[in-house]
Amino acid sequence: MITPPAFDLTLVAPELIVFGTALVVLMVDLWLAAERRGVLIAVSLLGLAWAAWMAAVAPDGVSFAGMYVRDALARAGQLLALGVTAAGVLVAPEYLRRGGLDRGEYYVLVLVAGAGAMLMAASRDLLMLFLSLEVLSIPLYILAATARGNPRSQEAGMKYFLLGAFASAFFLYGVALLYGVTGTTRLPDLATAVARLGSSAPAAAGLGLLVIGLGFKAAMVPFHTWAPDVYEGAPFPAAAFMSVVAKVGAFVALLRLFPLTLGALADQWRLLLGVLSAVTMIVGNLAALTQTGYKRLLAYSSIAHTGYMMVGIAIGTPAAVAAVITYLAVYAAMTTGAFAVAIALERGGGEADRIEDYSGLAGRAPLLALATAVFMVSLAGLPPTGGFVAKLGVFAAAVEGGGPGGLALALIGVLTSVISVYYYLRVAYVMYAGEAAGMVRIHASPLVNAVVLLTALVVVQIGILPAAVTAFAQQVGGLLR
Amino acid sequence: MEWAVFVPTAALALAGGVGVIAARQPVHSALALLMVLASLAVSYLLLAAQFIAVLQVIIYAGAIVVLFLFVIMLLHARSGEGPREKLPRQRAEAYVFAALYLGVLLAAALGAAAPLASIAAEFGTAQQVGESLFTTYLLPFELASVILLVGIVAATVLGRRPPEHAGRGKG
């Protein structure tokens, strides 16, 4: 006779609602006429809003035999994932209609990937983390390949899938090695078991393999080579969504795994993560300098921002953990916004994916250009935007709690940020100083405009009055105390 | 007694592993993979994990290798040959990185000063697997069903005909 474990469905309600919404969208789509597909967007948004409300009010606790945990980090990760999923739904419809790609499955895949990121935030077991990672990743592989008529989209999907499967195998090997030496996959037990082992080669190798698996998702150097090609080939809305949702999932998992679970063993992993973050900052920013494509620019930009967030993970103090959460929120807003602007443009029936397509935008669409300028200033990390607050938080935490290594990381971060000003502001420069680009059309879609407006407001709001977000982020940092 | 069974099966598994990557024809690779999986099933039996051994034979040696063979049959029906080497330079690099990785794993496996964690005697029996699947691993078990569903949705998305005006996103 098997007694099922005590479980509490209200605890997993946010994920259940998102999965349920995905199923409803999948079924409703079967009976829906093509021109009434707006219903799917409404259903998706309602489901996400309901899940966000549940995520905000549901009580803290551990359930499902210790597999699932809801605490400040889980809540932050879930709300972030829900926000970027809603943006992922909103930016898609107009673009998909233009390209004849409009299918209900697109929204199903976006919702499931969002739920995967939410579960990564709430995983308290390596096995659970692995499965959540797959729930997040598999829809993203498909989303990259949704432009069936475009060979580059097919290539992007294939490349992302093969390399992603490879990275997942590394992660799984790491889980196996850790299980072999500790006999558990439960994170709290793992922490005590690894601490008891002292310096153990299999445990160190296992942790290293976990870093490879998550680092691939976060586009960490040297596991970043897929990002520019996949972003470039994937349809714009898919690229916008994957660039933020994968980051949210990977970073909440890294936070959960390293500072929160293995915080006592920081000297075993701090050097590795610190070196990786330094390399990622340098390579991402230097490679972005020479890009002429807007998508590739944003791809290298996302790699560079991975490096900045990694600084916070490597430092691992409560202030650093809080700074990473703030950074994730700002990164999600400004990157989604920068992609959304591009979705509103079209060049000769295709994507406007060259930087020169933005030339003279200020004269033709002043508000769109202004929003883009805000995103670029924020991505570069200049005040008075969220990007400045985010970088300041991470670097201050590094200087404060990181010793000489932290100082070095902060120095590299500041220097590479200075480099990044050049390539981000070049976009703003051509918008305001260049001549209007021919062949580029502007599509004023209310949904995309709403995303641009909202993300721009969030970026400016965090830049001027960061207290609301940082107070929430400090709760996550408080988990360490 | 255990060694008498273990050493030959381990050798077979290794030989199969080399065969998978060294074989010129994809069919031979798939058959070599079958040998690897079958030898692993025997080593699971040696560890008294009967249920896992049976699953190994049914799922991997059965379903997955058959799937491989189907794909090979459909893709290379005419020539029966694999694709030509397209990345000659990367082959050398692959050897280097594979050797490095092997070194890390060997160091991890051989340098295990600490004894491996012990497991209960009934580990890997049908009852134990079933019980943990519906108690400890209930949530991951349900999550796996989501992954299967996504796989089906993915197949319908990728399997359909490309739209007529398929010029988007180029250039």
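Every chain is numbered from 1, with letters handed out A, B, ... down the list of sequences.
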query = Looking at B/Leu105, B/Leu138, B/Leu143, B/Ile147, which has the largest count of heavy-atom pairs under 4.5 Å with chain A?
reply =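 If we count pairs closer than 4.5 Å to chain A, B/Leu143 comes out on top.
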Which heavy atom of [X] sits nearest a heavy atom of [Y], and at what distance?
X: B/Ala107; Y: A/Ala201; result: O-CB, 3.9 Å
X: B/Leu139; Y: A/Met128; result: CD2-CE, 3.5 Å
X: A/Glu105; Y: B/Thr156; result: OE2-OG1, 4.0 Å
X: B/Leu158; Y: A/Ala145; result: CD2-CB, 3.9 Å

message = Within the 4.5 Å heavy-atom criterion, are B/Leu149 and A/Leu23 side-chain neighbours or not?
response =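 Yes - at least one pair of side-chain heavy atoms lies under 4.5 Å apart.
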Heavy-atom cut-off 4.5 Å, strictly under: side chain, backbone, both or neither for [X] against chain B?
X: A/Ser63; value: neither
X: A/Phe64; value: both
X: A/Arg196; value: neither
X: A/Pro139; value: both
X: A/Ser123; value: neither

query = Which bit of B/Val157 comes within less than 4.5 Å of chain A, counting heavy atoms only: side chain, backbone, both or neither?
reply =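 The answer is both parts of B/Val157.
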request  = Would you check if the distance from the ring center of B/Tyr101 to the ring center of A/Phe170 is below 6.0 Å?
outcome  =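 Ring centres of A/Phe170 and B/Tyr101 closer than 6.0 Å.
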Best-contacting candidate, A/Tyr173, A/Tyr141, A/Phe130, against chain B by heavy atom pairs under 4.5 angstrom =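 Option with the top pair count is A/Tyr173.
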ask   = Do B/Tyr137 and A/Thr185 pass the side chain to side chain contact (heavy atoms under 4.5 Å, CB included) test, and can you show the C-alpha distance, the side-chain angles, and the key distance before you say yes or no?
value = CA-CA 11 Å; B/Tyr137 294 101; A/Thr185 53; 4.0 Å; yes
